[in-house]
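Order of the sequence lines sets the chain letters (A, B, ...), proteins ahead of strands, with each chain counted from 1.
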2 protein chains.
Amino acid sequence: MHNGHVPEPRETRRRPGRRPTINDVAAAAGVSRGTVSRVLNGGHDVSDAAQEAVERAMRKTGYVVNQHARSLVTQRSQSVAFILSEPQERLFEDPNFNVLLHSCTQALAKQDITLLLTLASSLEDRKRLGRYLTGGHVDGALLVSTHSGNPLIPELLARGLPVVACGKPLGYERQAAYVAADDRDGARQMVSYLLSSGRRRIATITGPLDTSGGVERLAGYREALGGQPELVAHGDYTRASGEAAMLQLLERAPDLDAIFVASDLMAAGAMTALHRAGRRVPVDVAVGGFDDSQIATTTQPLLTTVRQSYPRIGAEMVRLLLSQIDGESPAAVIIPTELVIRESA
Amino acid sequence: MHNGHVPEPRETRRRPGRRPTINDVAAAAGVSRGTVSRVLNGGHDVSDAAQEAVERAMRKTGYVVNQHARSLVTQRSQSVAFILSEPQERLFEDPNFNVLLHSCTQALAKQDITLLLTLASSLEDRKRLGRYLTGGHVDGALLVSTHSGNPLIPELLARGLPVVACGKPLGYERQAAYVAADDRDGARQMVSYLLSSGRRRIATITGPLDTSGGVERLAGYREALGGQPELVAHGDYTRASGEAAMLQLLERAPDLDAIFVASDLMAAGAMTALHRAGRRVPVDVAVGGFDDSQIATTTQPLLTTVRQSYPRIGAEMVRLLLSQIDGESPAAVIIPTELVIRESA
DNA sequence: CTGAAAGCGCTTACAG
DNA sequence: CTGAAAGCGCTTACAG
């Protein structure tokens, strides 16, 4: 069919195996394509009779709009990407992602925008993803857990794709929009609290230092310590790394009486290590976490931690992204953090 | 710009804020759009000189193909959806999803196809997703963890979208392609092994009975028991449900000496319950799992289980999906399962 | 309120 | 090997 170059008369019957188009609907309803398109786009300036005829015709033909054709003219895809630049394992281990993903999905759903979760663990992945994203498939991107040096950020920025990062995107704070918790202040609050409750030898387990969360929480720890000798070990936000770092700290400083851990998940790991080493929490060692994730209420004893509201962070990220898609310039939002005292400190 | 209806002379300079198109590249290279398109699509029938000129022009203009325009003519989007119809929590708890997702991503990457992970926990989500998927955004869908009664399956099938399910899609075994492990035989092997090692009072914790895995593993248990009295409790593949079911079974049958659990994660939960109840594994109670996931090698003692190879399942799913996209009819693949004996039984 | 027409940015036979 | 042209399925001023 259609392989000659003599124009055929416009065909109105539906060919088998072909999706119905707006032409089929128009023919069935006895109106023009323009009118069909108008009812598709809100039904303004359409008479009741026409509206009804078109709706009937759509049902009859089983019409579904072709998004590519629509996107080609509107330059909008009505979808945004949620990009996780992280080894997959973390996605599955860390409940924070879960909460963030959920709140972003919800916020976008209200605008009838689909969220596409894309994983970019390997360099290869990131390349393919770069092509995909800049090809117009999505209207914007939410970047989660981006370590400094992630090549996706400059690429997307250069292409002019609206982007919002979760946490300060190190090296691009000026150019990319972001939403971050007040990490530094949260850490400061926690360590001040530990000091005020009489602890004297306070260690910390940091997050990865190529993320703003890692850097800022460490800075808050130092700030609160105000020049007192510090005791630092590094983790990568996984439970296992928290356990290993705790073991190492106990070796280096058997007299430590408190620990501020830069995430709840690592804090859970640290508590396991403390338990194995025969230290009681909080009697021998006070433990403070960060996140106030679900984990904080399942540890034994319950975890004293710093709350950062991921639902709120997600909602703000979406708001910032949509406003950029509408032409506003990038902005940064800092969400306050709050000390939550439970049993571990 | 371009708001009059008098045709302007074709503009070749790049307007600020506009993405370069194939016309810009053609003009810069001094060739026709057809030639640019040919180098974009593999460079067949293009002279070296033209090829080079076009490549230079693409770099100079920063050209990126508009996927919507391309898809509109090719009727292909070069992406497929990975649909998880499951409360999000499970995604994050169950390592099997992780492995499956990874293997599917890899297999698709080889064909330069992007995988889009979409979550459909609520009914609302499924509606929006249905619209998205049938709008031509993806070339096919991988359905994971679909309980019977999931309305997405008939919808996608009716639209003619190529679909492959993981596990038998109950109610649509005939119409939808799927890849499943030989659940029944795996369960049978495990229970036979428990019997042969002298266990006499063997219970089971099932998966959800609206999934084929749940149904078939229970059937295998019954088959191996061959009419001996059975002892059944139900779980939903979460760790917590395994723990609860085990507690309940101990109450109902304090004399049980073995348990076959329909997933490793639930088996880990069951072992926790046994431990709390003071039963030694495997001395007092033998425990057999299903999956051979990462969990099986982290429990204490190590878990005897049934291996189903998720990497292989993922690869087969992709193969089946791509062949359907190329016009083949749906097929079903059953992957053999294998007993893996460790310490717990 | 409605139709005719231009245009979104590509691909792909076709003719040369 | 290459260009001209048709066509993919929509939306959106414009004129009436």
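- Regarding B:Ile22, its CD1 atom lies at a distance of 14 Å from the C1' atom of D:dA5, rounded to whole Å.
- Heavy-atom neighbours of A:Asp112 CG from other residues, nucleotides or ligands within 6.0 Å: above the threshold of 12.
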* To do: Apply side chain to side chain contact (heavy atoms under 4.5 Å, CB included) to the pair B:Leu142 and B:Leu100, showing each step before the final yes or no.
  => CA-CA 11 Å; B:Leu142 300 166; B:Leu100 188 62; over 6 Å; no

* Please step through side chain to side chain contact (heavy atoms under 4.5 Å, CB included) for the pair A:Cys166 and A:Tyr178, ending with a clear verdict. => CA-CA 6 Å; A:Cys166 177; A:Tyr178 65 88; over 6 Å; no

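- For the pair A:Thr74 and D:dC10, the criterion of a side-chain N or O lying under 4.0 Å from OP1 or OP2 is not met.
- Considering only side-chain N and O atoms, A:Asn66 lies nowhere under 4.0 angstrom from the phosphate OP1 or OP2 of D:dC10.
- Shown here are the side chain to side chain contact (heavy atoms under 4.5 Å, CB included) partners of A:Ala29, two or more places apart in sequence or in another chain: A:Val31, A:Ala53, A:Val54, A:Ala57.
- The 5' end of DNA chain C is approached more closely, in terms of each residue's nearest nucleotide, by B:Leu72 than by the other of B:Arg38 and B:Leu72.
- At whole-Å resolution of the value, CZ in A:Arg33 and P in D:dT12 are 14 Å apart.
- Spacing between atom NE2 of B:His68 and atom C1' of D:dG9 amounts to 14 Å, rounded to whole angstrom units.
- Rounded to whole Å, atom P of C:dA13 lies 13 Å from atom NE2 of B:His44.
- The side chain of A:Thr35 has C:dT2 as its nearest neighbour among C:dT2, C:dT11, D:dG3.
- Rounded to whole Å, the distance from CG on A:Asn41 to P on C:dT2 is 15 Å.
- Rounded to an integer number of Å, the gap from B:Gln75 CD to D:dC10 C1' is 12 Å.
- With DNA chain D read from its 5' end, the first of the two nearest nucleotides for B:Ser47 and B:Ala69 is the one closest to B:Ser47.
- Pair check for C:dG16 finds D:dC1; Watson-Crick or G-U wobble, both atom distances under 3.5 Å.
- Residue A:Thr21 has no polar side-chain atom (N or O) positioned under 4.0 Å from OP1 or OP2 of D:dG9.
- Going from atom CZ of A:Arg19 over to atom C1' of D:dC8 covers 12 Å, rounded to whole Å.
- The residue among A:Gly34 and B:Val73 whose nearest nucleotide of DNA chain D lies closer to the 5′ end is B:Val73.
- Ring-centre distance between A:His137 and B:His137: not below the 6.0 Å cut-off.
- Atom P of nucleotide D:dT11 and atom CG of A:Asp45 are separated by 15 Å, given to the nearest angstrom.
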